[in-house]
Amino acid sequence: MFSFPEISSELYITAAPVLILVVGSMIALLQSVSKSLGSRGAVESTAWITVLAAMAATTMIPTAPTEYLAGGLLSGTLSRFGEVMIMAVAVGVMMMMREHHSGASFFRGEIVSLFLMLLSGMLVMIASDDLVTLFVGLELASIGLYVVIGYTNSNRRSQEGAIKYFILGSVAAAILLFGMALLYASCGTMRMSGIVAALPSVAGHGWARIGALLTLVGLAFKLALVPFHMWAPDAYESAPTGITAFMATTVKIMILTVALRLFTGTFSSMNEVWYPAIIILAVLSMIVGNIMALVQTNLKRMLAYSSIAHSGYMAVAICALSTTATGLPVRAILFYLLSYVVVSLGAFAVVMALETEDNDQLTIDDLSGLAKNHPWLAGAMTVFMFSFSGMPPTAGFIGKFFIFNAALTNHLYGLVLIGVIGSSISLFYYLRIVVRMYMADAVAPFGAVKAASGRFSLTAAILALSVAITVLLGTILPGEAMERLVGTAAEIARK
Amino acid sequence: MEALNLMPEILFYIISGMVLVSSVMVVASRNPITSAIFLVVDLFFVAALYASLGADFTAAVQVLVYAGAIVVLFVFVIMLLNLKPEALRGFRFTVGEALVLLITLTGFVIIATELAHAPPDIASPGNLGAAAIELAGGNTFVVGMRMFTAFLWPFEIASVLILLAIVACVMVAKKDKKSGLKGHIQSSGGN
């Protein structure tokens, strides 16, 4: 009846990133007790060593899909894909934070230890097949995020954003938990692979249907799909920009990984619940996200609404999961996710490079004439805006192409039409930034960047890398990337 | 246990009724201390519900941890903050509130009608059954064994979660020297 988990070296290799992060967070926490050990330099080196070691460990995760610890921990290409991406974002964000004025408040013992713990929660969630583990990982990530958003720079605005996110997020977690409990009651197992196998036989039952619906609502909340998006603009605006970049990308990676595990294979059996619900979510997100982004003047709020719209595009591909013959929707989602993460990180890096201590809420007007003062920054931002709006030759274009292609092969013509309309609306506000940068005169001098142009070497590296990846994924590499994702799609479908 | 087996249904309705009444009182009473006391009553009857299902370990933990420790902490916080009874507000709905109430009620009715059926009859490998639990050494033993075998990983991760919640609470409650802002003590993320 009770079997003790088998301890093997593969288990340790698969769990290594999580273990490294947890140990690192404990060290950072203990450091903050002492004055000399808790100095910025000491804490920062702990953070760097931990994150780089964990990132190296994520690349070692075995690609053979095996389950450890009674399904709590999965190795395989999807786990590795998600974990490597999360750790890469963490490294990128820390590079940006290092040169940003909020770095001093970020590299404190408590904040760094919270950051490392919430990273471990994200990795736990991505690599789990077990709903209990998944929920513990999700809460670890969420509660950590609430505090890091609100208390890195303790001021009223960020605390307000954090409290809003906390309350709505807790409600969402409760809804998700209720849904999971009902799925357990109707499928008799906590394992996602077991639920995927059992759902078709209980699909018509009320318990399974409500459970499936509430689980979807909980996930949609975290993805900020309309109408569950209320927290996103406030939280994005109020958080320090580095944390905003982190949250905008990693939360999507982790929720979409779970969504792929849960929806692939079950989607057609739950068609009458998930299909209409996700179509509504996708349509509303694409329309509301893009239209609300039009009227924003605050740059971070605009990026928040644009991220809602991008979640909508990814939801279109989730709708297409009902037939998984070629694994095309899965690959489309993963490709889109990759391009979105790279481009977002780059766009937020530009925003962070322009922020000063006095003006950390940039408006679109602040970008006027940027091309004259900082042609490289403006050029990078132009590439990112092109990619966000889906113009060739960038990764965003190819990503949208794959998603709409997957939707069209599943005859979702209406969704594709709305997606294209949404994209054309988005062209307006993305290109407005480009126009401001190149064709308007500067209204304000960019003091911080001008004075300290030599200091932004790490940010420049991130920008160069993001631009390179964006362009390469849009020109010569998409075929290669999709080839590499075939294995992942097959691995998800096999379960 | 004998009496519980005699009239399980009547008992269930009595206990659930008390849970509902005390839950409503938690929200409805103006005095925070009264709310906290009703929360104790509420959690106690939930524990009774667990006991009537044969989950005596969960029932004991519910009383010890929630009714005992957590609510006592609530009362402490309320007394330390010296919260006054809420000022009376006219019982008038705004349009927005009425809309929210309507949507919530609709959702509740939909969920309630869907859940009114018996749960799907499906073989559950995780569900051992009362006889097997007795044979294996009782409820507490089985919970402990499962915790350290099948649920070892989430159990260990939960300890990180609790540590994170503690650090988070300290950060939220700590007074910031620079800005002089004080955190919101009630909002500590200790769930």
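Naming: A, B, ... by sequence-line order, numbering from 1 per chain.
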Gap separating the [atom1] atom of [X] from the [atom2] atom of [Y], nearest 0.5 angstrom:
X: Leu161(B); Y: Leu118(A); atom1: CG; atom2: CG; answer: 11.5 Å
X: Ile157(B); Y: Thr133(A); atom1: CD1; atom2: OG1; answer: 8.0 Å
X: Ile111(B); Y: Leu214(A); atom1: CD1; atom2: CG; answer: 5.0 Å
X: Ile166(B); Y: Leu29(A); atom1: CD1; atom2: CG; answer: 9.5 Å

* Structure fact -> Under 4.5 Å to a heavy atom of chain B? For Leu213(A) that would be neither

* Structure fact -> Under 4.5 Å to a heavy atom of chain B? For Val148(A) that would be neither

* Asked: side-chain contact (heavy atoms from CB on, under 4.5 Å) with Leu101(B): which residues, sequence neighbours excluded?
  -> Phe93(B), Leu105(B)

* Structure fact -> His117(B) and Trp207(A) have their tightest heavy-atom pair at O-NE1, 2.9 Å

* Asked: Is any side-chain heavy atom of Trp153(B) closer than 4.5 Å to a side-chain heavy atom of Val136(A)?
  -> no

* **Top contributor to chain B contacts, counting heavy-atom pairs under 4.5 Å, from Ala70(A), Gly72(A), Ser186(A)** => Ser186(A)

* Structure fact -> Taken in chain and number order and not counting sequence neighbours, the residues that satisfy side-chain hydrogen bond (donor to acceptor under 3.5 Å, both in side chains) with Arg108(A) are none

* Under a 4.5 Å heavy-atom cut-off, does chain A meet the side chain of Phe155(B), its backbone, both or neither? -> neither

